[in-house]
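First the structure, in the form of structure tokens, and then the observations on it.
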Amino acid sequence: MEFACGFVYVPPSTYQREVQTKTPIAVKRSALLPPPNRIRPRSPPPPPPAPSPELQKQQHHSPEQRITEKCFKNALLPPFMRSQSPACLQPIPGPPSLLPSNSQRLTYDIPKEDPDIGSYPWDPDYSYNIPEGSGEEMKHPNTTSSSGSAQKSAPALPPRPSFMRSCPEYLVLLPDSFSSSKSSFSSSRSREPLVGNPNVILVSLGKLISEENVFTIEGEPTCCSQCGSVLDSLYDNVVNVCYFCQSSLEPPTSSSATCLGCQDSVFLLTPGDKALTLTDTLLLFCIDISASMSITSQVLEGKQPIYRSRLQFVQEAVLQSVRKLSETQPHMRVGLITFNNQVTLHGYDEFTSRFLLGAELIDGEYLKEAAFSFPSPPPLSRTRDCLQREILGLSESGATALGPASLVAIAMASRQPGSKVIICTDGKANTDLGNLEVEGTDARPCLSSTIFYHDLGEYAASQGVTVSVLAIEGTDCRLDELGRLADRTRGKVVIASPHELYTEFEEIIENTTIATHCSVTLLLPPTLCVKGEREAGNRVTREVGNVASDTEITFQFGARQHGSQGEVSAPVAGGRVSVQLQLRYRQKDGHSMLRVLTADKEVTDDSSVVLSSLFLAIIQLNSSQASAALAVRGRFQDAKSEGETQRELVERALEYDRSAEDKIIYSKWLKTMDPIHNSLQNYTRRQSIRSDTLQSLTDMGAALLYSMKNSNRRPISLKEKHQH
């Protein structure tokens, strides 16, 4: 279980967004600072005015009063302005009533030369620079001898201590307009809600199932009776309320506040059952030999052009596959079923072929019984020569009984889970069972045929059979309906030219099934919910069916909208949430297994933190799978909207420091998603997209979208592509 982001992202709350949109409060300037628009004068300030004669008369005092006044004035001066001469200690004159009650005599330092407090206190080191830059230093013109003596007595300023700040605490330095706007813009943007959804989980099923270093526990695990979450056995007698289904109306307890789920364990659910005998899987070629397969195409042999029919191309591709399998996997069982206006189960030396035709092709139960009664083919090492003769003896004629032939092939392959069926055709099914030629007014086949192929896909998945459909290029096979069969069983839907049939056969054969009957359950806390699923709750189960070594699926989840379920709201930023994944599957030996993984993630609402830690390959894979799944169901507008929102998320993530490989992967991903973003109307039969009606896909559109829906990271990530 891998997360596309290192955090669980929740959008900022409505209150926080309202606060961010308001005009920011201006910084309050200190009253000690000069006015913001103050213009520095070009000339020094004028000297202070001399005291008038009348003021001097008013300030005339007796000698005793002058001494007392000077003492008090001297006490009020800063230390560096006091006289440095020896102190003259004199008692304070005055009546006895003014003396302190403890009869102590208060004394003050009386300097010899008392500075005049009434005069302008100029700094001896005062200088004034002309702002226009002449560089000249201007001294104050009022330099008298009396003031000069006072100035000489003032000591030099001591050096500033290292611990003292150069800027007072009350002073706030305001940045310039550019840096202020830039920082405010980046801060506000980091708090903006993201357009797409970065909460994506990747489940590499092939990797999780094939791992062997995980401890296996025999027996059923301890599960919650309500939601089915698997609990750690160490806390069986402790958990009262499950973390994943706790009621929001109940007060949180110590056990419910923390997830006590099983971290990573594998459970053998059926330890007492006897393992099945591991036999080689069955591969069945279901080949169309109708009259349309006689259409020829021009090819070059050396320099001479020749014409070969479609059936001849198919025969050559099947023969090459049989020869290679006989060398690499001689124990594999390979069978052959052909169909035109009848269905033929080709036999071997000791078994004769069986033909099904007429009314037999209408009864589905009869077809299943015929398939069950027909013997399974022996290993290829024994049947190679006979199988080659049967392939070379095929000829084209009749109609296309594709529906009955598919049912017979799936029923025959269901004897051994993990078997494969490859259907190769060049036209629509045109017999009663599964007829795709009868269309309604909306260019869609009749409802009975749609139901038939849907049920047939469910039956194949329940039996562990993988079905792949291969259509010959330049034909119309109604892959939008026939592809449902392959999609449900995790098979491939391919349109191939006659020259590339062997390559496509090899890719299908090499993709081995490692597990069947697989289902994946995702459990979230009540504050989160699954996105894009039919049930938008905090628990969802997806039926996968057959699993190959490269099978990967993705889930989207997000914060629950306020009020959507009682009083449950989104998780709080800074907290932590737990997510549990349950993987149920059946091994080839018949044993049912359960793997449980629980992960813990931190919650954040900072978009910049999320974008910087985003794994783009997972986001791109999820966008491809989710958009294609919507388009296959006819929801083209929703598919386009899903693709565009995730594209904006990826583009914002690319603004951060990304490698050149990420940008190359992004450009390749854009080409893959171009049908979703721009040209979905080119892949529909009506050449238009309307949101109020279901549209049917062309064969090219169906093959493309089904491939995207079941894709993995291999075609997206260049690194993994080179490794494989």
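The figures that follow rest on heavy atoms only: side chains count, while hydrogens, waters and symmetry mates do not.
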Donor + acceptor pair across side chains of [X], [Y] (<3.5 Å):
X: Ser519; Y: Glu543; result: no
X: Asn546; Y: Thr513; result: no
X: Thr541; Y: Thr521; result: yes
X: Glu481; Y: Thr450; result: yes

(request) Please test Ser204 against Glu2 for side-chain contact (heavy atoms from CB on, under 4.5 Å), starting from the C-alpha separation and ending with a verdict. (result) CA-CA 8 Å; Ser204 300; Glu2 303 176 45; 3.9 Å; yes
(request) Determine which pairs satisfy side-chain hydrogen bond (donor to acceptor under 3.5 Å, both in side chains) with at least one residue from residues 352-362, sequence neighbours left out, and list them in order. (result) Arg354-Tyr366, Arg354-Ser373, Glu360-Tyr366
Does [X] reach the side chain of [Y], with side-chain heavy atoms less than 4.5 Å apart?
X: Phe285; Y: Cys424; answer: no
X: Ser696; Y: Arg478; answer: yes
X: Glu504; Y: Lys492; answer: yes
X: Arg490; Y: Val547; answer: no
X: Leu501; Y: Leu470; answer: yes
X: Ser406; Y: Val467; answer: no
X: Asn341; Y: Thr431; answer: no
X: Phe351; Y: Pro377; answer: no

Measure from the side-chain N and O atoms of [X] to the backbone N and O of [Y], and report whether any donor-acceptor pair falls under 3.5 Å.
X: Lys420; Y: Asn511; answer: yes
X: Ser419; Y: Leu282; answer: yes
X: Arg595; Y: Leu208; answer: yes
X: Gln342; Y: Gly398; answer: no
X: Ser711; Y: Met708; answer: yes
X: Asp699; Y: Cys477; answer: yes
X: Tyr706; Y: Asp480; answer: yes
X: Asn340; Y: Ser397; answer: yes
X: His591; Y: Arg586; answer: no
X: Gln580; Y: Val230; answer: yes

[atom1]/[X] to [atom2]/[Y] distance, rounded to the nearest 0.5 angstrom?
X: Ile410; Y: Ile423; atom1: CD1; atom2: CD1; result: 6.0 Å
X: Ser297; Y: Glu473; atom1: OG; atom2: CD; result: 9.5 Å
X: Leu387; Y: Arg382; atom1: CG; atom2: CZ; result: 13.5 Å
X: Ile287; Y: Thr344; atom1: CD1; atom2: OG1; result: 12.5 Å
X: Leu402; Y: Lys428; atom1: CG; atom2: NZ; result: 13.0 Å
X: Phe267; Y: Ser592; atom1: CZ; atom2: OG; result: 14.5 Å

(request) Would you mind listing every ring-ring contact (aromatic ring centres under 6.0 Å, His included) that reaches into residues 295-335, with sequence neighbours excluded? (result) Phe313-His499
Nearest heavy-atom neighbours spanning [X] and [Y]:
X: Ser309; Y: Gln312; answer: N-OE1, 3.0 Å
X: Met673; Y: Ser623; answer: CE-OG, 3.6 Å
X: Val334; Y: Tyr348; answer: O-OH, 3.9 Å
X: Thr489; Y: Ala461; answer: CG2-N, 3.8 Å
X: Gln388; Y: Arg323; answer: NE2-CG, 3.7 Å
X: Ala429; Y: Gly434; answer: CB-O, 3.3 Å

(message) Is it true that, when you exclude Gln304 itself, more than 12 heavy atoms of the residues, nucleotides or ligands shown sit nearer than 6.0 Å to its CD?
(response)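 Result for CD/Gln304: open.
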(message) Could you check whether atom CE of Met700 has more than 12 heavy atoms from other residues, nucleotides or ligands sitting under 6.0 Å from it?
(response)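 Not buried by this count: 12 neighbours or fewer within 6.0 Å.
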(message) Holding to side-chain hydrogen bond (donor to acceptor under 3.5 Å, both in side chains), I want the full list of residues that pass it with Asn622, two or more places apart in sequence or in another chain.
(response) Thr554, Gln556
(request) Write out all pairs satisfying salt bridge (charged side-chain N to carboxylate O under 4.0 Å, His left out) with one or both partners inside residues 454-467, taking only residues at least two apart or from two chains. (result)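 Counting only pairs at least two positions apart or across chains, the salt bridge (charged side-chain N to carboxylate O under 4.0 Å, His left out) contacts touching residues 454-467 are Glu458-Arg488.
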(request) Scan residues 306-315 for pairs that pass salt bridge (charged side-chain N to carboxylate O under 4.0 Å, His left out), counting only residues two or more places apart or in two chains. (result)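 Sorted pair list: Arg308-Glu316, Arg310-Asp426.
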(message) Tell me every residue that passes side-chain contact (heavy atoms from CB on, under 4.5 Å) with Val469, counting only those two or more places apart in sequence or in another chain.
(response) Leu479, Leu482, Ala486
(request) Starting from the C-alpha separation in whole Å, work towards a yes-or-no answer on side-chain contact (heavy atoms from CB on, under 4.5 Å) for Ile514 and Thr551. (result) CA-CA 10 Å; Ile514 62 175; Thr551 303; over 6 Å; no
(message) Looking at Phe505, I'd like to know if the NZ or CZ of Lys324 sits under 6.0 Å from its six-membered ring centre while staying within 45 degrees of the ring's axis.
(response) no
(message) Applying salt bridge (Lys or Arg N to Asp or Glu O under 4.0 Å) to Asp550 and Arg713, what does each step give before you reach the verdict?
(response) CA-CA 9 Å; Asp550 59 351; Arg713 286 178 295 175; over 6 Å; no
(request) Decide yes or no on side-chain contact (heavy atoms from CB on, under 4.5 Å) for Ile619 and Trp669, but give the supporting numbers first. (result) CA-CA 11 Å; Ile619 296 294; Trp669 175 73; over 6 Å; no
(message) Ile295 vs Thr475, test: side-chain contact (heavy atoms from CB on, under 4.5 Å). Steps then yes/no.
(response) CA-CA 11 Å; Ile295 298 176; Thr475 62; over 6 Å; no
